[in-house]
Amino acid sequence: MSEKLGSSQLARPGSSIIVAIDGPAGAGKSTIARHLAQRFGLLNIETGAMYRAYALKALRAAMPLDESSALERLADETTIRLEAGESGNRVLLDGEDVTGLLRDPLVTETASRVSVFPAIRAWMVKLQQQLGEGGGVVMEGRDIGTVVFPGAQVKIFLDAAPEVRGQRRFDQLGPTPDQLPEEVIREMRARDERDRNRVDSPLRAAADAVLLDTTHMTLEEVLQAAEALVTERIDAAPTPR
Ligand code: DC
């Protein structure tokens, strides 16, 4: 697809390891990825934010969300870049910093819907492989260990019961949430369903991923388990892919 994939403005750290973190919404991927990135000096790449940025563009262009060829043409005119910012990465959509707009519920829903299209996935996967090709990254998403970097040295699949994930998401909405916990859980289940059942690269654990079910784990326990996995394998030499 488009050559206008954009390039990363992210600094490239020392270690060449690739850590893949996959799992459904609300499983704690972002928190764990951020922690591992800090602890081991890795670059943190949130692939969901890239799908969200494209979804925002599709919404702004009032694209029909069921027409693959129109969405593909829009992707051809789209550049998504990640830049290291003070408090995490900034996402640039055609040069505009859209980081603050990506958590909107409509964008969330639309990201899940546009991500079922193989052409959109192929474009995103290529960009993600470019961003991670030098290694030294922790990349989180749905298909990192299965499709984007099947040779990643560390693969973690995070999961938790839907009620627990929904409650965690609800708690993140702040003191005056504009949704009820039941609504958050319902939307999350719908998104899970779509992510797990799409034909192209559905959400699933890679055969060699370590499954961490965090339903009954504290954040501290999850962080420790993830850290131990990376520590164990960080010296494994071969460059992935
Ligand atoms: O991780 P997230 O909630 O920010 O992801 C938003 C949507 O993007 C999610 O519903 C599915 C899609 N996605 C995907 O299909 N593949 C990825 N690697 C990351 C996200």
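Just follow the structure's listing: the first ligand is 1, and inside any ligand the first atom is 1.
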For [X], take its heavy atoms, then give the atoms of ligand 1 lying under 4.0 Å from any of them.
| X | result |
| --- | --- |
| Ser115 | 11 (C), 12 (C), 15 (O) |
| Gly48 | 1 (O), 2 (P), 4 (O), 5 (O), 19 (C), 20 (C) |
| Asp195 | 9 (C), 10 (O), 11 (C) |
| Ser112 | 10 (O) |
| Arg52 | 2 (P), 3 (O), 4 (O), 6 (C) |

Thr108 N/O under 3.5 Å from ligand 1 N/O: no

Using distance alone, decide if ligand 1 has a nitrogen or oxygen within less than 3.5 Å of any nitrogen or oxygen in Lys29. no

Are [X] and [Y] side-chain neighbours, meaning at least one heavy-atom pair lies under 4.5 Å?
| X | Y | answer |
| --- | --- | --- |
| Ser115 | Arg194 | no |
| Ile80 | Leu93 | yes |
| Val222 | Ile32 | yes |

Protein residue, atom and distance nearest to [atom], heavy-atom basis:
| atom | answer |
| --- | --- |
| atom 8 (O) of ligand 1 | Tyr51 CB, 3.6 Å |
| atom 10 (O) of ligand 1 | Arg191 NH1, 2.8 Å |
| atom 18 (N) of ligand 1 | Asp143 OD1, 2.8 Å |
| atom 19 (C) of ligand 1 | Thr47 OG1, 3.3 Å |

Proximity of [X] to ligand 1 by residue part, where a heavy atom lies under 4.0 Å:
| X | value |
| --- | --- |
| Arg121 | side chain |
| Arg198 | side chain |
| Arg142 | both |

Nearest atoms (heavy-atom pairs only) where Arg60 meets Leu101: NH2-CD1, 3.5 Å

Check Thr47, Asp22, Val125 against Val148 for a side chain to side chain contact (heavy atoms under 4.5 Å, CB included) and give me the one that passes. Val125

Hydrogens and angles aside, do Arg121 and Ser201 bring a side-chain donor and acceptor to less than 3.5 Å of each other? yes

Test side-chain hydrogen bond (donor to acceptor under 3.5 Å, both in side chains) applied to Thr108 and Arg103, step by step: CA-CA 6 Å; Thr108 301; Arg103 294 279 146 193; 5.9 Å; no

Any salt bridge linking Arg90 with Glu96? Criterion: basic side-chain nitrogen under 4.0 Å from a carboxylate oxygen. no

For Glu46, is the nearest heavy atom under 4.0 Å from an atom of ligand 1? no

Min heavy-atom dist Glu140 to ligand 1 below 4.0 Å: no

Report, as yes or no, whether the 6.0 Å neighbourhood of atom CD on Gln38 holds more than 12 heavy atoms from other residues, nucleotides or ligands. no

Is there a side-chain contact (heavy atoms from CB on, under 4.5 Å) between Leu71 and Glu67? Walk through the geometry before answering. CA-CA 6 Å; Leu71 289 169; Glu67 282 181 25; 5.7 Å; no

